[in-house]
Amino acid sequence: MPAIGITGGIATGKSSFLECLRELLAEQTPDGGSTATARFFDADIAARELVNHDPEVRGLIEAEFGKELFESGRDLNRERLRSIVFADVEKKRALEQILHPRIRRQWSLEAEGHRNSTKLFFADIPLLYETGGETLCDQVVVVACSPGVQLERLLARSGLAEEEAQRMIDAQMPLTEKVSRANHVVWNNDGRDGLKEQARLLLGLWRIWRDGEPAVQAP
């Protein structure tokens with residue numbers, strides 16, 4: 001099955017959209033759950049596993065950011081790392097150079113391994129366009145919302161000051177650019193019901209595609 005990339009901006013609702021996909025797939029295949037008809041790759045989980053279990057990655061992060069970034073010599077202080085990289089473009093680039101080639105290699109191999117499968121393959125990649133990952137996808141979905149809603153959600157979930165939250169948003173590729181490059185755009189200004197309905201529509205389109213019809217754009 002071709003690879004479908006899912007991306008968006010910080011606090012636009014990408015995780016909520018993926019939850020909707022999982023719920024719908026589980027509802028439609030009660031015996032096997034969502035994993036019976038789809039495979040999900042999560043770049044954030046892959047990044048955590050690399051930091052926690054790959055000695056080379058840990059060593060590179062310590063060399064770039066200092067051993068004190070690991071609390072009690074073990075756990076990465078993710079909030080502190082996030083603050084560093086969003087305040088310093090060079091540090092952000094350094095972290096991306098450590099993690100993203102490895103993550104890209106993982107999910108590209110998984111995607112290729114599913115080419116002959118009947119399962120849908122979803123790659124949850126926050127920095128899909130920033131890392132050129134769209135070239136490995138057959139379709140890309142961007143989950144988007146208005147700037148005001150995005151800032152409001154980020155403030156609510158992070159506890160950051162408004163200026164810092166806006167700086168975090170501005171450090172990413174503009175959401176308008178991602179939207180302009182997407183095959184499908186999921187608009188997430190409203191509630192979960194609307195999000196789930198859009199997920200239902202796209203699943204129907206992808207099933208038609210899987211079963212042999214040409215891929216089409218959602219209206």
Side-chain angles (χ1 to χ4, degrees), residues 1-46 107-108 110-129 133-154 156-157 172-219:
M1 184 64 204
I4 300 165
I6 312 289
T7 192
I10 189 170
T12 61
K14 179 175 58 63
S15 296
S16 296
F17 175 69
L18 284 157
E19 287 173 7
C20 289
L21 287 177
R22 290 179 184 273
E23 288 173 9
L24 287 166
L25 288 164
E27 289 169 8
Q28 295 163 8
T29 53
D31 293 337
S34 62
T35 57
T37 54
R39 164 72 178 127
F40 291 82
F41 178 89
D42 188 321
D44 287 339
I45 291 176
W107 77 265
S108 64
E110 286 199 31
E112 190 58 35
H114 278 76
R115 288 292 177 186
N116 296 321
S117 171
T118 58
K119 290 185 178 183
L120 296 164
F121 181 84
F122 298 106
D124 174 6
I125 316 289
L127 300 181
L128 183 75
Y129 287 118
E134 77 279 8
T135 61
L136 303 174
C137 298
D138 299 279
Q139 296 264 284
V140 174
V141 177
V142 169
V143 182
C145 63
S146 66
V149 170
Q150 183 181 18
L151 179 59
E152 181 181 328
R153 287 177 180 156
L154 182 55
R157 85 181 194 190
Q172 297 190 319
M173 178 185 287
L175 193 56
T176 52
E177 181 176 346
K178 294 184 179 184
V179 165
S180 71
R181 296 167 65 177
N183 297 102
H184 307 288
V185 177
V186 170
W187 192 248
N188 186 32
N189 256 27
D190 301 314
R192 188 178 176 85
D193 287 346
L195 194 63
K196 193 167 184 177
E197 190 55 38
Q198 291 177 82
R200 191 189 311 276
L201 170 63
L202 285 171
L203 277 176
L205 291 173
W206 291 326
R207 285 201 171 99
I208 292 172
W209 182 23
R210 179 192 62 189
D211 294 340
E213 298 294 331
V216 295
Q217 301 289 112

> Set out, in order, the CA-CA distance, both residues' side-chain angles and the distance that settles side-chain contact (heavy atoms from CB on, under 4.5 Å) for Ile4 and Trp206, then state yes or no.
CA-CA 9 Å; Ile4 300 165; Trp206 291 326; 3.6 Å; yes
> I need the Leu203 CG to Thr37 OG1 distance, nearest 0.5 Å.
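Between Leu203 CG and Thr37 OG1, I get 8.0 Å after rounding to 0.5 Å.
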> Between His114 and Phe121, how do the two ring planes meet: parallel, tilted or perpendicular, split at 30° and 60°?
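The arrangement is tilted - the two ring planes meet at 30° to 60°.
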> Under 6.0 Å from the ring centre and within 45 degrees of the ring axis: does the NZ or CZ of Arg39 meet both conditions for the six-membered ring of Phe122?
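No.
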> Kindly give the heavy-atom pair with the smallest separation between Ala43 and Ile125, and that separation in Å.
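Minimum heavy-atom contact is CB-CD1, 3.8 Å.
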> Roughly how far, to the nearest 0.5 Å, is the OG1 atom of Thr118 from the CZ atom of Arg207?
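Between atom CZ of Arg207 and atom OG1 of Thr118 there are 11.0 Å.
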> Against Cys20, only a single residue in Arg200, Lys196, Gln198 fulfils side chain to side chain contact (heavy atoms under 4.5 Å, CB included); can you say which?
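Single side chain to side chain contact (heavy atoms under 4.5 Å, CB included) partner of Cys20 among Arg200, Lys196, Gln198: Lys196.
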> So Asn183 and Val141, do their side chains get closer than 4.5 Å, heavy atoms only?
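No, side chains not in contact.
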> Considering all heavy atoms of both residues, which atom of Leu120 and which atom of Leu25 are nearest to each other, and what is their separation?
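The answer is CD1-CD2, 4.5 Å.
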> Compare every heavy atom of Ala11 with every heavy atom of Gln150, then report the nearest pair and how far apart it is.
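Answer, listing the atom of Gln150 first, then Ala11: O-CB, 3.8 Å.
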> Would you confirm whether the ring centroid of Trp187 sits within less than 6.0 angstrom of the ring centroid of Phe17?
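No, ring centres 6.0 Å or more apart.
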> Is the number of heavy atoms from other residues, nucleotides or ligands under 6.0 Å of Gln172 CD greater than 12?
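Atom CD in Gln172 is packed in, count exceeds 12.
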> Between Trp107 and Gly133, what is the shortest heavy-atom contact and its length?
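Heavy atoms only, the tightest pair is CH2-O, 3.4 Å.
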> In sequence, state the C-alpha distance, the side-chain angles, and the governing distance for Arg157 and Glu152, and then conclude on salt bridge (Lys or Arg N to Asp or Glu O under 4.0 Å).
CA-CA 9 Å; Arg157 85 181 194 190; Glu152 181 181 328; over 6 Å; no
> Using only atom types and a distance under 3.5 Å, with no angle test, would you say the side chain of Thr7 pairs donor to acceptor with the backbone of Val142?
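Not at all, since once roles are kept as given, no pair shorter than 3.5 Å links the two residues.
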> Side-chain contact test, heavy atoms from C-beta onward, threshold under 4.5 Å: evaluate it for Phe40 versus Asp124 and give yes or no.
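No, side chains not in contact.
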> Checking Tyr129 side chain against Arg181 main chain: does a donor-acceptor pair fall under 3.5 Å?
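Checked: pair present.
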> Are the side chain of Glu134 and the backbone N or O of Val140 linked by a donor-acceptor pair below 3.5 Å?
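Side chain of Glu134 to backbone of Val140: no pair is present.
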> Check the pair Thr12 / Leu175 against side-chain contact (heavy atoms from CB on, under 4.5 Å), numbers first and verdict last.
CA-CA 9 Å; Thr12 61; Leu175 193 56; 3.8 Å; yes
> Run the side-chain contact (heavy atoms from CB on, under 4.5 Å) check on Glu197 and Arg192 step by step: do they pass?
CA-CA 9 Å; Glu197 190 55 38; Arg192 188 178 176 85; over 6 Å; no
> Hey, could you give me the NZ/CG distance between Lys14 and Asn188, rounded to the nearest 0.5 Å?
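With rounding to 0.5 Å, NZ (Lys14) is 12.0 Å from CG (Asn188).
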> What's the separation between atom OG in Ser108 and atom CG in Leu136, rounded to the nearest 0.5 Å?
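The distance works out to 5.5 Å.
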> About how many Å separate CG of Leu24 and CG of Leu202, when rounded to the nearest 0.5 Å?
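Those atoms lie 10.5 Å apart.
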> When rounded to the nearest 0.5 angstrom, what is the spacing between CG in Asp42 and CD1 in Ile6?
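So the CG of Asp42 and the CD1 of Ile6 are separated by 11.5 Å.
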> Search all heavy atoms of Leu21 against all heavy atoms of Ala199 and return the closest pair with its distance.
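Shortest heavy-atom separation between Leu21 and Ala199 comes out as CD2-CB, 3.8 Å.
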> Looking at Val179 and Ala144, what are the two nearest heavy atoms and their distance?
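Shortest heavy-atom separation between Val179 and Ala144 comes out as CG2-CB, 3.9 Å.
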